[in-house]
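Indexing begins at 1, ligand by ligand and atom by atom, following the structure's order.
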Amino acid sequence: MKLILLGAPGAGKGTVAKLLTKLDGSVQISTGDILRGAVAAGTELGKQAEAAMKAGDLVSDDLIMGIMAERLKEDDCKAGYLLDGFPRTIPQADALGEMLTKLGIELDGAVNLDVPRDVILDRLTTRRTCSNSECQAIYNVKSMPSKVEGVCDKCGSPTIQRDDETEEAITKRLETFNEQTAPLVGYYEGKGNLINVNATSSDAVVEAIQAAIK
Ligand code: ADP
């Protein structure tokens with residue numbers, strides 16, 4: 001599978017990507033995870049991205065394209081990939097299109113995870129993320145709590161609320177999404193590549209995607 005996952009913050013891109021990787025060995029590539037890892041490690045990339053991320057703004061297209069040009073060349077991409085959180089702007093989508101054409105690769109499609117705003121808001125405020133940058137497992141205090149409150153099931157590190165999961169930053173991220181990322185739905189629809197999914201349970205989303213790309 002080679003898919004783009006589109007959807008607002010909290011739409012479930014990461015959860016769905018993880019489920020899809022189990023089906024055929026394709027890899028999840030999350031620009032958010034890559035950036036958070038860089039911030040935690042204090043690399044140059046992390047320093048450049050940190051302020052924008054904390055405020056709920058996007059980091060620059062140039063920075064993202066630099067990361068993705070390298071990432072998509074790695075060996076594990078041969079098995080397919082689920083792009084989670086990328087592209088996020090029209091210029092990123094154009095640049096990705098050019099990159100894939102050069103590589104002779106065609107995507108299976110862009111999946112639009114269409115989730116109502118009240119569901120999104122509820123999910124984001126109750127989301128907890130493992131603080132270990134190597135792990136970044138995701139929990140939800142209501143629907144998917146860790147076995148021991150505040151402790152990651154997978155690696156034992158503390159689970160935390162992300163810096164950009166304050167109410168103010170969430171509002172800003174949703175605004176940024178509506179302005180800069182939502183137009184990608186029309187963009188991929190125009191190319192005949194859009195797969196619309198409006199299920200809320202992750203399993204139903206995965207089934208709908210499998211049916212669409214068969
Ligand atoms: P979300 O839950 O908002 O989908 P992500 O984990 O995908 O969060 O991204 C977290 C933050 O990382 C974003 O708010 C943004 O600042 C930055 N980011 C991630 N991917 C991109 C991208 N493709 N372009 C620009 N900024 C990005």
Can you sort out the partners of T43 under side-chain contact (heavy atoms from CB on, under 4.5 Å), two or more places apart, ordered by chain and number? A38, A41, L45
When you compare the side chains of D61 and T89, does any donor N or O come within less than 3.5 Å of an acceptor on the partner? yes
Return yes if a side-chain donor-acceptor contact under 3.5 Å exists between D94 and Y187, otherwise no. yes
What are the distances between nitrogen or oxygen atoms of ligand 1 and protein nitrogen or oxygen atoms, counting only those under 3.5 Å?
unit_1	atom_1	unit_2	atom_2	d
ligand 1	2 (O)	R127	NH2	2.9
ligand 1	2 (O)	R173	NH2	2.8
ligand 1	3 (O)	R88	NH2	3.3
ligand 1	3 (O)	R173	NE	3.2
ligand 1	3 (O)	R173	NH2	2.9
ligand 1	4 (O)	K13	NZ	3.1
ligand 1	4 (O)	R88	NH2	3.4
ligand 1	6 (O)	R36	NH1	2.9
ligand 1	6 (O)	R36	NH2	3.0
ligand 1	7 (O)	R88	NH1	3.1
ligand 1	7 (O)	R88	NH2	3.3
ligand 1	8 (O)	R162	NH2	3.4
ligand 1	9 (O)	R88	NH2	3.4
ligand 1	16 (O)	D57	O	2.5
ligand 1	20 (N)	T31	OG1	2.7
ligand 1	20 (N)	G85	O	3.4
ligand 1	20 (N)	R88	NH1	3.4
ligand 1	23 (N)	G85	O	2.9
ligand 1	23 (N)	Q92	OE1	3.0
ligand 1	24 (N)	Q92	NE2	2.9
ligand 1	26 (N)	V59	N	3.1

Could you pull out all residues at least two apart from D76 that satisfy side-chain contact (heavy atoms from CB on, under 4.5 Å)? V27, R71, E74
Among K172, R173, R127, the one residue meeting salt bridge (Lys or Arg N to Asp or Glu O under 4.0 Å) with D164: R173
Who pairs with A79 by side-chain contact (heavy atoms from CB on, under 4.5 Å), at least two apart in sequence or on another chain? none
